[in-house]
Enquirer: 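I have a structure here, written as structure tokens, and I will follow up with some questions on it.
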There are 4 protein chains.
Amino acid sequence: MRVRDDTKINTIFEATTALTSEVGLNRLTMSSIAQRAKMACGTLYIYFDSKERLLNELYMHLFVGSTLSILPSIGHLPLKKQLSIIWSKVLWFRVTNSSEVIFMHQFRYSVYASEETHKLDDQFVGFIKNLLGQGKEELIIKNIDSDLIIPLFYGYANNLARQMAMDEVEITDEIIDQTFHLCWDAIKS
Amino acid sequence: MRVRDDTKINTIFEATTALTSEVGLNRLTMSSIAQRAKMACGTLYIYFDSKERLLNELYMHLFVGSTLSILPSIGHLPLKKQLSIIWSKVLWFRVTNSSEVIFMHQFRYSVYASEETHKLDDQFVGFIKNLLGQGKEELIIKNIDSDLIIPLFYGYANNLARQMAMDEVEITDEIIDQTFHLCWDAIKS
Amino acid sequence: MRVRDDTKINTIFEATTALTSEVGLNRLTMSSIAQRAKMACGTLYIYFDSKERLLNELYMHLFVGSTLSILPSIGHLPLKKQLSIIWSKVLWFRVTNSSEVIFMHQFRYSVYASEETHKLDDQFVGFIKNLLGQGKEELIIKNIDSDLIIPLFYGYANNLARQMAMDEVEITDEIIDQTFHLCWDAIKS
Amino acid sequence: MRVRDDTKINTIFEATTALTSEVGLNRLTMSSIAQRAKMACGTLYIYFDSKERLLNELYMHLFVGSTLSILPSIGHLPLKKQLSIIWSKVLWFRVTNSSEVIFMHQFRYSVYASEETHKLDDQFVGFIKNLLGQGKEELIIKNIDSDLIIPLFYGYANNLARQMAMDEVEITDEIIDQTFHLCWDAIKS
DNA sequence: CATGAATGAGTCTTCATTCAT
DNA sequence: CATGAATGAAGACTCATTCAT
């Protein structure tokens, strides 16, 4: 029997990511994905119930791999260090995986994004909120509603990465340092 | 095409904006726009050559109205004041016109956005770049590549406004002050 | 403006009926209907929301035209006469409209048939049940549960017409007489 | 193909019959049959060349088991007795095997029914025709073209059984008696 | 100008059948 | 024999655009 091949899911994910960054989510069709992944159109439906599920699972896969997975391991570090690591991690991922970021960006606010997917984001935001809460208690960072701070990190990271991807700028440790300093200066008390 | 009947064009623009914020750009159809604008589908094509042109013209209209139009009148003011006015202006517009912002956000990175439209953004970015350049010369702000600074303003504003729109938070002068201070602390030298 | 053309519905109905009798309900596709009706595939969807609705409306149209429409006008006649007229009417229709009957037959028990459609049949059955009830009171026909009698008329008519259509037998008044007599002898007391 | 493993073939037949009565012939898929029969999709093709053959063989199996098999053994009985036995046999089968009847009914006039299958019916009809021919010679039954009589039996049985299955009516000897009397009164001279 | 019916290419999805294991 | 992943042609339906009125 032809055994179910889990690397196929990765092939599909890669094809989807690449295509989205090339032609955009609007022109992304199931048959173009299949063609790019060198498989039949129907094969996609063996691994994913629908286009919507495929995109959502891809998003979750990328989000977990790029962001969520680092959170638990850094809980013991000092606040600024934690933020700095997250910033670095997120930025590295975003800049070195520009196709993935384009996909995530386009998907994020599309009609395809499900409840379930939005909750992932909330999980991440919740973690950061906690961190900021601590910082405020320790009087390290400004006493401002976290909902006004998080969009700075989030929006900045997204936009910076997107811009760098488009301009084909190489990311360096210096850039990460400089940009993190901007953020830190913004919020430190 | 394109006859002067600004009333009709505005009706079309409003219908498009409202619909996009309700159902998303992916599900925005020409006939749904027509229906919402209480006119026939074919009438849209009297004023716009294609869907693509309609969306691009709407984007330009909103962008000019919300941002570009204020730039020339504030050139004589001091740097920080200028940035503060722009920030306030942009944020006010974005928060009080949430449908418009949702449209702009979804359109901005869609397949519909044309070269011409992207150049508008560049115009705005160019202005800010200039401003930052002056600031650096006057040693008021950090000596960092402007391409690393602008995404902070741009991304923050977008994301903050979007978040506030979703959470239905009222904007106040206090919020504008607080958030601008974050930005300023980030870049001041 | 191209005015909405109600004869188009008839064209669609005719194409559907003819095709079903030729290739069967299973192979009936929307595009084959469109092709036969000499219009574009999308045009069908101007007049009918879906394939299911198209088929249901066609069935109702045929059922009303062939059967239901005669019922009200004969209420004053004697029982046997009424039954005889209905029998004649139904048989004539079924034999002279063989395509229609094939469609009705295939549709009747298909997955497409909706609740609404089945209720039409019930209406007809209810009328006959009434008639039989009267006959039993007047001691003209056998005192047997009507649910055991009606399938005789219904099944016989369907099957006879189908058989005659397939054998390409011409219907005559004699055949109608003979077959009605069979029915009548079956139920008269 | 077609190896002797009657257990498996029966499992397939039962799954097919049950599924058809539940979801209809239109929604009957090979993989749903396989799933219901607890085997792999490809296994079906070891026993049957195609979906069409599977359905035809099932129909023939049911038809022979329900009807054809009794014919030879009753040739010596008097006419009315023969008809009565057949009627009883057919009705019993149809009512007590409602899934099977639904399958037969839906299959009978579908695109899947082959020539070969239709000939089975003819065989049965031929037998009945013979019987009626005898009856006419003996002046027991009306001198009417048998093609006008057979649909009465055939259509009545089908429809009655279907109705009873849907209404979940229990069949009794009384009902069989009553309905046969209707038939007999219809045709006796 | 305005209308909205008509078009048909293109989309997602299904499913009978094949075939490598 | 048995499996079930893989195939790809075909179906229902959508929608930007055109055009007769």
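Chain naming here is simple, since letters A, B, ... match the order of the sequence lines and numbering starts at 1 in each.
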Enquirer: Looking at Q35(B), I'd like to know if its CD atom is crowded, meaning that more than 12 non-hydrogen atoms belonging to other residues, nucleotides or ligands lie closer than 6.0 Å.
Expert: no
Enquirer: Look at the side-chain N and O atoms of S31(B) and state whether any lies under 4.0 Å from the OP1 or OP2 oxygen of dC15(F).
Expert: no
Enquirer: Provide, to the nearest angstrom, the distance between the CD1 atom belonging to I9(B) and the P atom belonging to dA2(E).
Expert: 11 Å
Enquirer: Do the side chain of S69(C) and the main chain of V64(C) share a donor and acceptor less than 3.5 angstrom apart?
Expert: yes
Enquirer: Could you state the CD1-C1' distance from I46(B) to dA2(E), rounded to the nearest angstrom?
Expert: 5 Å
Enquirer: Take the protein atom CZ of R27(A) and the nucleotide atom P of dC15(F), then report the distance between them rounded to whole Å.
Expert: 16 Å
Enquirer: Calculate the interatomic distance between L44(B) atom CG and dC1(E) atom P; express it in whole Å.
Expert: 15 Å
Enquirer: Mind calculating the distance between OH (Y45(B)) and P (dA6(E)) to the nearest angstrom?
Expert: 18 Å
Enquirer: Just call it for F48(C): base, sugar-phosphate, or nothing, with non-hydrogen atoms closer than 4.0 Å on any strand.
Expert: nothing
Enquirer: Examine dC1(E): is either OP1 or OP2 under 4.0 Å from a nitrogen or oxygen in the side chain of K8(B)? Give yes or no.
Expert: no
Enquirer: Nearest to the side chain of K51(C) - dT17(F), dC13(F), dT7(E)?
Expert: dC13(F)
Enquirer: Looking at dA6(E), which nucleotide sits across from it as a Watson-Crick or G-U wobble partner, both distances under 3.5 angstrom, or is there none?
Expert: dT17(F)
Enquirer: Please report the distance, rounded to the nearest Å, between CD1 in I33(A) and P in dT11(E).
Expert: 12 Å
Enquirer: Go through dA16(E), dC12(E), dA2(F) for me and flag the one nearest to the M30(D) side chain.
Expert: dA16(E)
Enquirer: Whole Å only: how far is the CZ atom of R53(C) from the P atom of dA12(F)?
Expert: 17 Å
Enquirer: Report yes if a side-chain nitrogen or oxygen of Y47(C) is closer than 4.0 Å to either non-bridging phosphate oxygen (OP1 or OP2) of dA6(E); otherwise report no.
Expert: yes
Enquirer: Does any non-hydrogen side-chain atom of F48(A) lie less than 4.5 Å from one of L44(A)?
Expert: no
Enquirer: Below 30° counts as parallel, above 60° as perpendicular, anything between as tilted: where do the rings of F13(B) and H61(B) land?
Expert: tilted
Enquirer: Mapping K38(B) and Y112(A) to their closest nucleotides on DNA chain E, which lands nearer the 5' end?
Expert: K38(B)
Enquirer: May I ask you to evaluate whether T43(B) reaches the phosphate of dT3(E), defined as a side-chain N or O under 4.0 Å from OP1 or OP2?
Expert: yes
Enquirer: Do the rings of F103(D) and Y59(D) sit parallel, tilted or perpendicular, given the 30° and 60° boundaries?
Expert: tilted
Enquirer: Using heavy-atom distances to pick each residue's nearest nucleotide on DNA chain F, tell me which of N26(B) and L28(C) is more 5'.
Expert: L28(C)
Enquirer: Taking for each residue the nucleotide of DNA chain E with the nearest heavy atom, is it D49(A) or G42(C) whose nucleotide lies nearer the 5' end?
Expert: G42(C)
Enquirer: Please report, rounded to the nearest Å, how far the C1' atom of dT11(E) is from the CG atom of L19(A).
Expert: 15 Å
Enquirer: Between T29(B) and A40(A), who's closer to the 5' end of DNA chain F by nearest nucleotide?
Expert: A40(A)
